[in-house]
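None of the values given here were measured: they were computed from a predicted structure. Keep in mind that the numbers below use all heavy atoms, side chains included, and drop hydrogens, waters and symmetry copies. Just follow the structure's listing: the first ligand is 1, and inside any ligand the first atom is 1.
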Amino acid sequence: MLLNKTPLYRIAIFASGTGSNADKIISYFKSSDSISIALIVSNNREAGVLHIANKNNIPTLILEKEKFFLKDVYLPVFESYKINFIVLAGFLWKIPLNLIKAFPQKIINIHPALLPAYGGKGMYGMHVHEAVIAHKEKQSGITIHYVDELYDHGKIIFQEKCAVDKNETPASLATKIHRLEYAHFAPQIEKLLLFK
Ligand code: GAR
């Protein structure tokens, strides 16, 4: 009997910056027969995530703003790579409605706080941690959620908390949050796609 070696899921990871989450996800699924990271997408030509893609021989796509927000321009590209799931890992542009409609319940995002708190426009990266500390929160955490047409709004899939200590700084909180992201993002993707 011939074994079907084509992965069930071909994921595009969208990232705007360093891409340390993308790096962890790529490593986690490296030897998976069911899930492959087939494309790295960025809006930023200088993004560190592009080096990570090159290092791992994963094709890349740089988005142009006008085209991205113009109906359906990139859909044929995603189709050509047979992308059937999208993961946002530090991607800063809002996802246009046409893409959400083309990938219904198939786009997820990670947010570095406990949504619905500290989400929305302008709430990304360090801005989130600064706001959490300014409001003297006792805890923060991560949220993995489906993407809908509003910022940081879709149905929540997973959350994990961490303490915000007395002397916490935005940088130390960012480190804690990244640790949580590295531990949970890839396993949650696997659970969602394969074990649901
Ligand atoms: C991550 O902490 C992610 O949660 C956050 O950006 C960071 C990207 O880090 N995303 C947002 O703030 C989206 N609103 P990375 O580039 O090292 O993976």
Side-chain angles (χ1 to χ4, degrees), residues 11-30 37 39-56 58 60-63 65 68 85-96 99-100 107-135 137 139-164 168-190 192:
I11 296 179
I13 299 181
F14 285 37
S16 299
T18 315
S20 64
N21 275 286
D23 199 19
K24 298 286 175 210
I25 296 167
I26 291 165
S27 304
Y28 189 88
F29 291 116
K30 198 140 217 163
I37 309 306
L39 185 66
I40 298 290
V41 179
S42 188
N43 59 314
N44 173 8
R45 226 164 256 291
E46 308 295 320
V49 73
L50 298 173
H51 299 293
I52 293 168
N54 291 338
K55 195 181 72 192
N56 288 282
I58 300 173
T60 58
L61 171 69
I62 310 286
L63 301 171
K65 199 164 201 168
F68 188 56
F85 199 78
I86 293 176
V87 170
L88 311 185
F91 185 68
L92 300 185
W93 285 356
K94 201 169 174 204
I95 300 299
L99 194 53
I100 292 169
I107 309 178
I108 63 169
N109 177 46
I110 193 157
H111 187 77
L114 296 170
L115 291 175
Y118 301 101
K121 196 167 165 46
M123 276 293 165
Y124 60 87
M126 275 306 179
H127 298 294
V128 177
H129 309 314
E130 282 159 7
V132 165
I133 289 172
H135 284 85
E137 298 289 353
Q139 58 180 20
S140 189
I142 61 169
T143 303
I144 298 169
H145 65 94
Y146 287 105
V147 171
D148 68 10
E149 64 275 22
L150 303 175
Y151 267 117
D152 302 324
H153 179 264
K155 185 171 170 247
I156 291 173
I157 298 162
F158 175 85
Q159 290 187 305
E160 184 69 286
K161 294 174 182 158
C162 65
V164 178
E168 204 79 71
T169 64
S172 66
L173 184 55
T175 302
K176 275 187 185 173
I177 293 289
H178 263 129
R179 227 175 268 146
L180 283 184
E181 293 181 330
Y182 301 158
H184 294 289
F185 203 8
Q188 285 299 318
I189 293 168
E190 183 177 42
L192 186 70

Who are the side-chain contact (heavy atoms from CB on, under 4.5 Å) partners of Leu88, not counting sequence neighbours? Phe14, Ile86, Phe91, Ile95, Ile107, Asn109, Val147

Which parts of the protein, at residue level, reach under 4.0 Å of ligand 1 through a heavy atom? Thr18, Gly19, Ser20, Asn21, Gly90, Ile110, His111, Pro112, Met123, Tyr124, Gly125, His178, Glu181

Check: His135 side chain, Ala131 main-chain N or O, donor-acceptor pair, under 3.5 Å: yes

side-chain contact (heavy atoms from CB on, under 4.5 Å) partners of Tyr146, counting only residues at least two apart: Gln105, Ile108, Lys155, Ile157, Leu192, Lys196

Is there side-chain contact between Phe68 and Leu99, with at least one heavy-atom pair below 4.5 Å? yes

When you measure from the centre of the six-membered ring of Tyr151, is the NZ or CZ of Lys121 under 6.0 Å away and within 45° of the axis? no

Any pair counted as salt bridge (Lys or Arg N to Asp or Glu O under 4.0 Å), so long as it reaches residues 168-185, sequence neighbours left out: Asp165-Lys176, Glu168-Lys176

